[in-house]
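The next block holds one structure in the form of structure tokens; read it before the comments.
Below, read A as the first sequence line, B as the second, and so on, with proteins coming before strands; counting in each chain starts at 1. Being a predicted model, the structure only gives us computed values, none of them experimental.
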Amino acid sequence: MALRVYNTLSGEKESFVPLVPGKAGMYVCGVTVYDYCHIGHARANIVFDVIYRYLKYAGFEVTYVRNYTDIDDKIIKRANQEGTDYRTIADRYIRAFDEDMDRLGLAKPTVEPKATDHIGGIVAIIETLVAKGHAYASDGDVYFAVETYPEYLKLSGRNLEEMQAGARVEIGEKKRNPMDFALWKGSKPGEPWWASPWGNGRPGWHIECSAMSMEFLGKSFDFHGGGKDLIFPHHENEIAQSEAANGCRFVRYWLHNGFVNINAEKMSKSLGNFFTIREVLQKFDPETLRFFILSAHYRSPIDFSDQSMDEAQTGLGRIYSCLAAIDEALDGASAPNDDEPTLFPLASAGHELDEKERMFISRFCEAMDDDFNSAQALGLLFETVRLVNRFLAENKVLDDVALRLLSRVRGRFKETGGVLGLFNSSPAAWLDAIKSAKAGRADISQDEIERLISLRSEARLAKNFKRGDEIRDLLLEKGIQLLDSAEGTIWKVK
RNA sequence: GGCGGCGUAGCCAAGUGGUAAGGCAGAGGUCUGCAAAACCUUUAUUCAGCGGUUCAAAUCCGCUCGCCGCCUCCA
């Protein structure tokens with residue numbers, strides 16, 4: 001049982017061999033804080049959150065670094081629009097990001113550095129690059145000379161000559177080669193600046209990640225992640241800077257998540273077809289969004305829509321309902337959480353469930369070890385749900401052996417839920433919350449519903465089923481579904 | 001144009017050489033005054049198409065068609 005990960009650099013799944021046995025260093029490109037995050041950001045962060053959690057679960061001592069890019073053209077532009085300074089904008093959206101990630105239930109990374117706290121490290125790397133002849137100052141700016149680094153473009157598999165020939169790359173007069181990129185930008189009047197050997201200015205976009213990863217993870221480390229759109233130019237440039245400066249391999253495994261699409265098109269700021277995390281969370285609960293994201297492999301594109309979110313909610317609800325049923329069965333009974341495998345003397349579902357429970361963790365790990373295949377792991381969860389339901393249906397009376405088995409199954413869900421970031425709520429509470437959220441959107445008051453239900457109950461008691469059914473149909477038109485049971489009638493929003 | 005990826009049931013989606021997980025929807029059943037809900041059962045001889053390699057291919061190779069992404073800031 002060994003972890004295998006798809007490495008963008010090789011284009012293949014490789015066995016994960018940590019740089020330092022038992023440890024794992026991971027750097028993930030965070031956001032540029034100039035606006036609210038959209039669900040594309042949610043995906044990236046959830047995906048790497050699960051990778052982080054799984055690495056820890058698998059026994060690695062993980063150092064997870066996720067940065068804030070808090071100085072950048074867009075932040076400055078926004079600050080100018082609002083007539084404020086870049087710091088105000090950056091701090092506002094850092095806070096917004098933290099709130100969003102908190103609501104999405106993300107584990108805190110080991111460190112969350114800000115680019116502006118690492119100007120010293122940035123300048124030091126640039127100085128090294130200049131001294132080694134990999135970079136040159138030009139009129140207040142400093143550029144990386146791509147021709148001095150022969151392995152440039154090894155991550156994206158592009159060809160330097162062809163890219164230079166591309167008409168879309170404009171030749172800036174300050175650059176020697178059109179493909180050269182800025183390490184340091186001289187500040188224009190009114191822009192924030194830091195002092196440097198090349199005059200007042202600010203860092204280019206790519207260099208900060210090199211500086212911060214080096215600071216917290218060293219010159220060489222295990223994982224570097226981000227969205228697929230960062231492969232070129234961002235990660236390509238990080239490799240060039242870091243390897244040229246340090247003379248050693250920068251990152252061992254490059255991980256890139258796929259996009260969130262809307263109608264099969266990439267969702268992005270530039271296309272304007274995006275939903276912010278906040279918008280989506282007004283309509284769906286955070287675990288539903290997480291569940292939806294984890295239901296596909298992290299490298300595949302996923303299509304976001306209300307329908308797929310509804311389906312995700314139904315699916316997650318199925319698991320929660322099962323967990324609620326287990327809770328109910330276990331309620332009152334003080335079943336010992338016994339990890340001893342038991343020979344199960346009950347009906348067939350008991351044997352199957354017992355078998356499933358014993359294989360559960362190894363199958364979960366098998367899925368996650370295969371390039372973090374969360375979709376497959378979710379499949380295992382559903383298979384188990386079905387067996388639990390069957391088991392419960394077959395065994396109305398649960399003896400000690402049965403309760404112990406259910407208790408162990410519940411433990412497995414909690415354990416793997418901890419890795420996937422799911423099942424943080426008590427099942428009953430989650431189910432209730434979904435119900436009231438839906439009820440809040442129905443165009444009929446809860447009092448009115450209750451009143452109609454009691455009218456119907458009276459009619460039914462008098463065997464006036466016609467009248468009872470009329471009321472039921474009336475409520476159904478309003479989207480209210482009635483559920484009759486021996487204990488009485490309850491309702492839910494359809 | 002260059003590079004990369006994708007095409008699996010009505011929809012979503014796992015599966016990278018050994019005979020198609022799972023979810024949603026649908027159908028049948030249990031339950032019910034009848035329903036609903038819930039639960040159970042069931043749903044692809046077949047993986048875009050055509051060739052090839054192999055004892056064996058959704059999985060490897062080639063070609064064709066279709067879709068998408070990156071090449072400019074972007075998770």
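As the counterpart of B/rG26, B/rU42 is assigned, both hydrogen-bonding distances of the Watson-Crick or G-U wobble pattern falling under 3.5 Å. Pairing of B/rU16, defined by two Watson-Crick or G-U wobble distances under 3.5 Å, is not identified with any nucleotide. With a cut-off of 3.5 Å on both pairing distances, B/rA75 has no Watson-Crick or G-U wobble partner at all. For B/rU32, there is no paired nucleotide, since no Watson-Crick or G-U wobble pair has both relevant distances below 3.5 Å. Using Watson-Crick or G-U wobble geometry with both donor-acceptor distances under 3.5 Å, B/rA37 finds no partner in any strand shown. Under the Watson-Crick or G-U wobble criterion, with both distances below 3.5 Å, B/rC65 is paired with B/rG7. The partner of B/rA21 cannot be assigned: no Watson-Crick or G-U wobble pair with both contacts below 3.5 Å exists in any strand.
For A/Phe181 and A/Tyr143, the ring centers are positioned 6.0 Å apart or more.
Distance noted for atom C1' between B/rC24 and B/rG4: 31 Å (whole Å). Taking atom P in both B/rG29 and B/rC34, one finds a spacing of 14 Å when rounded to whole Å. Comparing the C1' positions of B/rA35 and B/rU59 gives an interatomic distance of 47 Å, to the nearest angstrom.
For A/Leu431, the side chain to side chain contact (heavy atoms under 4.5 Å, CB included) partners two or more places apart in sequence, or in a different chain, are A/Tyr320, A/Ser321, A/Ala324. Among residues two or more places apart in sequence or in another chain, the side chain to side chain contact (heavy atoms under 4.5 Å, CB included) test is passed with A/Lys463 by A/Phe465. With sequence neighbours excluded, the residues satisfying side chain to side chain contact (heavy atoms under 4.5 Å, CB included) with A/Glu82 are A/Arg78, A/Thr84, A/Ile89, A/Arg92.
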Contact letters for nucleotides 10-15 of chain B, in which S counts primed atoms plus P, OP1 and OP2 and B counts the base, heavy atoms under 4.0 Å: ---SSS
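For the pair A/Leu482 CG and B/rA38 P, the computed distance is 14 Å after rounding to whole Å. In this entry the distance linking CD1 of A/Ile319 with P of B/rA38 reads 15 Å, nearest Å. What separates CD1 of A/Ile326 from P of B/rA38 is a distance of 17 Å, to the nearest Å. As a whole-Å value, the separation of A/Lys266 NZ from B/rA75 C1' is 8 Å.
Projected onto RNA chain B by closest heavy-atom contact, A/Asp469 and A/Phe382 fall at different nucleotides, the more 5' of which corresponds to A/Phe382. Heavy-atom distances to RNA chain B give each of A/Thr32 and A/Arg299 a nearest nucleotide, and the one nearer the 5′ end belongs to A/Arg299.
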A/Phe250 and A/Phe221: CA distance, side-chain angles, deciding distance, ring-ring contact (aromatic ring centres under 6.0 Å, His included) verdict: CA-CA 7 Å; A/Phe250 177 43; A/Phe221 57 93; 5.3 Å; yes
CA sep, side-chain torsions, deciding dist, call: A/His235, A/His256, ring-ring contact (aromatic ring centres under 6.0 Å, His included): CA-CA 10 Å; A/His235 290 161; A/His256 293 98; 5.0 Å; yes
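Among the atoms of the strands shown, base atoms are found under 4.0 Å from some heavy atom of A/Val260.
In the set B/rG33, B/rA37, B/rC71, the nucleotide with an atom closest to the side chain of A/Phe465 is B/rG33.
Between the side chain of A/Lys74 and the base of B/rC73, at least one donor-acceptor pair of N or O atoms lies under 3.5 Å.
Each side-chain hydrogen bond (donor to acceptor under 3.5 Å, both in side chains) pair with one or both residues in residues 425-437 of chain A, not counting sequence neighbours, appears once here: A/Asp285-A/Trp430.
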Would you tabulate the side-chain donor-acceptor contacts of residues 310-317 of chain A under 3.5 Å, counting partners in other chains and residues two or more places apart, or write 'none'?
residue  : atom : partner  : partner atom : Å
A/Glu311 : OE2  : A/Gln307 : NE2          : 3.1
A/Thr314 : OG1  : A/Asp310 : O            : 2.9

